Protein chains: 2
Amino acid sequence: MARVSCSDPAPDPVPDVRRRLLDVAAEVLAEEGPSALTTRRLTREVGTSTMAVYTHFGSMPALVREVVADGFAQLCARVGAVPRTDDTLHDLTTVAAAYRQHALAHPRLYAVMFGSASLGGYRLSDEDKGVGLEAFGQLVAVVERAMAAGTLRRDDPAAVAGQLWTALHGYIMLEQAGFHRVVDDPEDALLHPMLGHLVAGLAADRMPG
Amino acid sequence: MARVSCSDPAPDPVPDVRRRLLDVAAEVLAEEGPSALTTRRLTREVGTSTMAVYTHFGSMPALVREVVADGFAQLCARVGAVPRTDDTLHDLTTVAAAYRQHALAHPRLYAVMFGSASLGGYRLSDEDKGVGLEAFGQLVAVVERAMAAGTLRRDDPAAVAGQLWTALHGYIMLEQAGFHRVVDDPEDALLHPMLGHLVAGLAADRMPG
DNA sequence: CATGCTGTCATAACGTCGTTATCGTCACTC
DNA sequence: GAGTGACGATAACGACGTTATGACAGCATG
């Protein structure tokens with residue numbers, strides 16, 4: 001009888017080589033970066049041979065692909081866990097904050113997820129992007145609710161959500177690349193005003209001009 | 001008598017191994033991506049041995065560093081070549097367009113420049129970022145002129161320029177990662193409205209609320 | 001001219017990488 | 001007990017970045 005629950009500690013003395021490979025891979029990636037995630041290092045850590053990677057995943061890029069898929073799923077779950085309220089504008093803020101928080105907590109994984117940090121021969125596949133776009137779909141939903149509530153001007157929800165995502169993603173990328181020394185407090189000087197101006201532009205009732 | 005002019009074809013039959021290494025490296029990087037830029041491949045292409053890399057640069061990451069520095073210089077020059085007019089708002093647009101145009105023309109180099117696409121052991125150094133920030137300084141200058149002209153509200157020019165840069169950079173990153181399938185015409189649905197709302201928010205004379 | 005020095009690069013090697021072929025070892029079925 | 005298939009340990013392949021060694025050219029000095 002296999003118990004299944006959130007964050008099972010270690011019920012099995014040999015808890016599935018495949019699962020451990022994925023977990024240790026994510027761990028090594030998170031702690032030491034993409035260049036440390038090698039076949040030999042990973043299998044040594046798990047206590048098996050390099051063949052384990054190939055019997056379970058076929059190749060190292062395929063293993064990375066699953067790590068990335070897990071990363072997208074976690075991001076999706078993190079964003080999905082944000083409680084939705086009647087204040088749709090507030091929801092936009094909290095969802096964006098959760099997104100950024102997750103990216104900050106897993107910077108290397110986030111970088112690999114979005115095509116940065118090449119990590120050997122691994123490249124984003126279309127299905128990977130599909131999984132990533134599920135998280136984006138949540139943002140679209142929030143935008144749609146905001147439009148329905150009259151908080152945002154009616155427009156293509158995907159386009160509006162895309163604008164918010166683009167700005168947020170750009171902030172995260174520059175933050176992780178270390179280019180935010182241009183101002184003292186990037187969050188107060190860059191992120192919040194930028195999103196504020198963007199939301200204001202998207203919310204304005206009166207047409208510009 | 002060494003002739004020096006823009007884009008000299010090939011005056012010298014052996015035009016400096018060091019220079020050729022840098023040029024071919026940039027070429028291979030641009031055409032086949034970071035994973036193709038190996039010591040052996042590069043030196044084979046140039047027609048020398050791997051030692052040439054070490055006598056001239058010390059290591060492969062150091063060579064990449066110079067390629068990146070060249071890339072920042074080119075970006076800087078490209079943005080600097082945009083004619084400044086009396087219409088400071090128009091200048092903001094043309095400068096941003098030139099920036100994006102350069103990134104689109106050299107996508108792999110741009111990715112390496114900004115910390116994406118790890119490229120072996122190479123990491124952005126602080127001085128690399130310093131060179132990159134020179135290009136940013138040009139945007140700050142344009143913003144300052146716009147504030148002086150009353151086009152943009154008075155504020156910290158670096159912060160305002162940072163917001164524009166962040167949004168633009170985010171767009172370019174997602175564009176190159178292939179995540180822009182969310183809308184049909186990303187440029188019209190994402191980039192232009194986003195920058196428009198941002199500039200509108202930065203330009204508004206009346207305070208929000 | 002001979003000499004030593006310096007910068008440049010060819011050759012070959014070291015250790016590590018991803019990957020593969022081979023083969024032993026289990027758990028299972030009949 | 002024999003047969004089967006999944007798993008993984010061992011060892012090897014080619015390619016990687018890097019290094020040690022040495023050959024060769026240019027050039028100053030005796």
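On a predicted model such as this, the values are computed, not experimentally measured, just so you know. Lettering follows sequence order; numbering is per chain, from 1.
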Return the nearest nucleotide to the side chain of B:Arg40; candidates are C:dT11, C:dT19, C:dA13. C:dA13
Euclidean distance, atom CG of residue A:Leu21 to atom P of D:dC7 [Å, nearest integer]: 12 Å
Basic-acidic side-chain contact under 4.0 Å: A:Arg19, A:Asp70: yes
Among C:dT19, C:dA13, D:dG8, which is the nearest nucleotide to the side chain of A:Thr48? D:dG8
Taking the six-membered ring for Trp, are A:Tyr110 and A:His169 closer than 6.0 Å centroid to centroid? yes
Interatomic distance where CE belongs to A:Met60 and P belongs to C:dT20 [whole Å]: 14 Å
Quick check on D:dA9: is either OP1 or OP2 less than 4.0 Å from any side-chain nitrogen or oxygen of A:Ser49? yes
D:dA6 OP1/OP2 closer than 4.0 Å to side-chain N/O of A:His56: no
What is the distance, to the nearest angstrom, from the CZ atom on A:Arg18 to the P atom on D:dG8? 12 Å
Which nucleotide in the list C:dC9, D:dG17, D:dA11 gets nearest to the side chain of A:Thr50? D:dA11
Just say parallel, tilted or perpendicular for the rings of B:Tyr99 and B:Trp165, cut-offs at 30° and 60°. perpendicular
Length of the CZ-P vector between A:Arg20 and D:dG8, whole Å: 10 Å
From CZ of B:Phe57 over to C1' of C:dG7, roughly how many Å is that when rounded to an integer? 15 Å
Looking only at side-chain atoms of A:Thr55, point me to the closest of D:dG17, C:dT8, D:dG8. D:dG8
Rounded to the nearest Å, what distance is computed from the CG atom of residue A:Leu42 to the P atom of nucleotide C:dT19? 12 Å
Taking the inter-plane angle between the rings of B:Phe114 and A:Phe179 on a 0 to 90° scale, is it parallel (under 30°), tilted (30 to 60°) or perpendicular (over 60°)? tilted
When all nucleic acid strands are considered with a 4.0 Å heavy-atom cut-off, which category describes B:Met51: base, sugar-phosphate, or nothing? base
Closest to side chain of A:Tyr54, choosing from C:dA10, C:dT19, D:dG8: C:dT19
Answer yes if the side chains of A:Gln101 and A:Arg78 hold a donor-acceptor pair under 3.5 Å, and no otherwise. yes
When you measure from the side-chain N and O atoms of B:Thr39 to the phosphate of D:dG17, is any distance below 4.0 Å, counting only OP1 and OP2? yes
Between atom CZ in B:Arg44 and atom P in C:dA10, what is the gap in whole Å? 14 Å
